[in-house]
Amino acid sequence: MSDKVFELVKKEKKRQENTLAMIPSENYASKAVREAVGSVLMNKYAEGYPGKRYYQGNKIIDEIENLAIERAKKIFKVPHVNVQPYSGSPANSEVLFALCNTGDTVMGMKLSAGGHLTHGHDITFSGKYFKSVQFGLDEKGFLNYKQITAQAKLEKPKVMLIGTTAYPLALDWKFFGEIADSIGAWLVADISHVVGLIIAGVYPSPFPYAHIVTTTTHKTLRGPRGAMILVTKKGVKKDPDLPTKIDKAVFPGMQGGPHENAIAGIAVCLNEASKTSFKAYGKQVVKNAKALASTLQSSGLTLVGGGTESHLLVIDLRPEKLSGNVVAEALEIAGIIVNKNSVPNDHMPPIYPSGVRLGTPAITTRGMKEKEMKQIAGWILKVIEHVEIYKLPENIKARGTFMKAYKDKISKDKFLLDIAKEVQSLCKKFPLK
Ligand code: DSN
């Protein structure tokens, strides 16, 4: 394997080993999952569904896809599952394609409040081809359920596509189910971020209240890049044809040949997620997030929503008058990988937001616990204090030049590089598998 790509893969492996992956949507898939995804299954075309393919030679592929479906049905106790979506955004687009006509009203949480692009953001298909109605958070970072009720009753969306990517608190699925029922809307729950926590029983489950649930498989589920669309008992009761509508929307509606190697990886990760050890993992993810949050807060940092009830937290850097870009770049030099993120009612644009988002799924997979969270929080606090002098210019045009010079400067910053060495020592104690 002399291709330059493999040198780069080795480098990336090292980077993953020596740094703390704290982007809440990332995780480490097991060797078994990686083997399935990298297997010969990628050689096969299989348009259609098990038993109804458009190509020959799919007997074994059918067994694999059926295994993934059966495992998902068992874990989530649902009557119908489609495991073919290429990822989360296609899964959500397929659901909207199945349920709506162009111009129908779709309701979701604003991206800036912690929702997702595909939940009706104006620059995406979900905001362009449908009438998008969006709700946000109050100043303190909480959902205002009373306001959402009034908005839903007024706008009468056909679909409520609800889920979070940067909202640290638990959602009240019962509320969303009741409001959807009261206006005859479909409730689609996007649980991509929290699926592993739901399996572990440490985050509320939408399954009794939603008609459809979508999830990616590579976040807290620790599987391959992919997604599933799950039709609940409530969904089938509302429309017995819903499973067929979903399957048709996935193929041929939006996709061609399914990635059977990824589907095999999904089957493997679902088997792993059915074990008792996975429940312990999910519980520890939340314990770790809470430990991280309380240490950061007790040192005076402001967290969106006042803390966390999940796997993630968002630090609001407005009190420090700091940009998320400045902090995220410095943390990277220190070996702590997070992402810049908008905070509720951010006065800054998404490219220069006022917060950073961090999460515990990946570092918990490594085996880290509360003790390590305190140590990591200590490093984060030191880094933030260290870069407090670097203020993003008010002048929009000056920002690019400022960030370039800043990145150059901190890449040689001894204080940050020393932390990176300490981070590396911690990482060595928790090797990747
Ligand atoms: N990109 C994912 C995340 O980071 O939350 C959402 O699609």
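Both counts, for ligands and for their atoms, begin at 1 and track the order of listing. Sequence positions, counted from 1, serve as the residue numbers for this chain. These numbers were taken from a predicted model, which means no experiment stands behind them.
- Ligand-side atoms of ligand 1 in range of Ser25: 3 (C), 4 (O), 5 (O), range being under 4.0 angstrom from any heavy atom.
- Phe76 and Phe207 have their aromatic ring centers within a separation under 6.0 angstrom.
- Of the candidates Arg15, Lys13, Lys14, Lys13 is the only one forming a salt bridge (charged side-chain N to carboxylate O under 4.0 Å, His left out) with Glu17.
- Interface of His193 with ligand 1, defined as ligand atoms under 4.0 Å from a residue heavy atom, comprises 3 (C), 5 (O).
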Candidate pair Asn144 and Asp138, rule side-chain hydrogen bond (donor to acceptor under 3.5 Å, both in side chains), full reasoning:
CA-CA 7 Å; Asn144 184 331; Asp138 65 19; 5.9 Å; no
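- The CD1 atom of Ile212 sits 9.5 Å away from the CG atom of Leu187 when rounded to the nearest 0.5 Å.
- Among the atoms of His116, some N or O lies under 3.5 angstrom from an N or O of ligand 1.
- Only side-chain heavy atoms of Arg357 come within less than 4.0 Å of ligand 1; its backbone N, CA, C and O stay farther off.
- Counting only heavy atoms, the protein gets under 4.0 Å from atom 7 (O) of ligand 1.
- Residues Glu65 and Gln84 have side chains that bring a donor and an acceptor to within less than 3.5 angstrom of each other.
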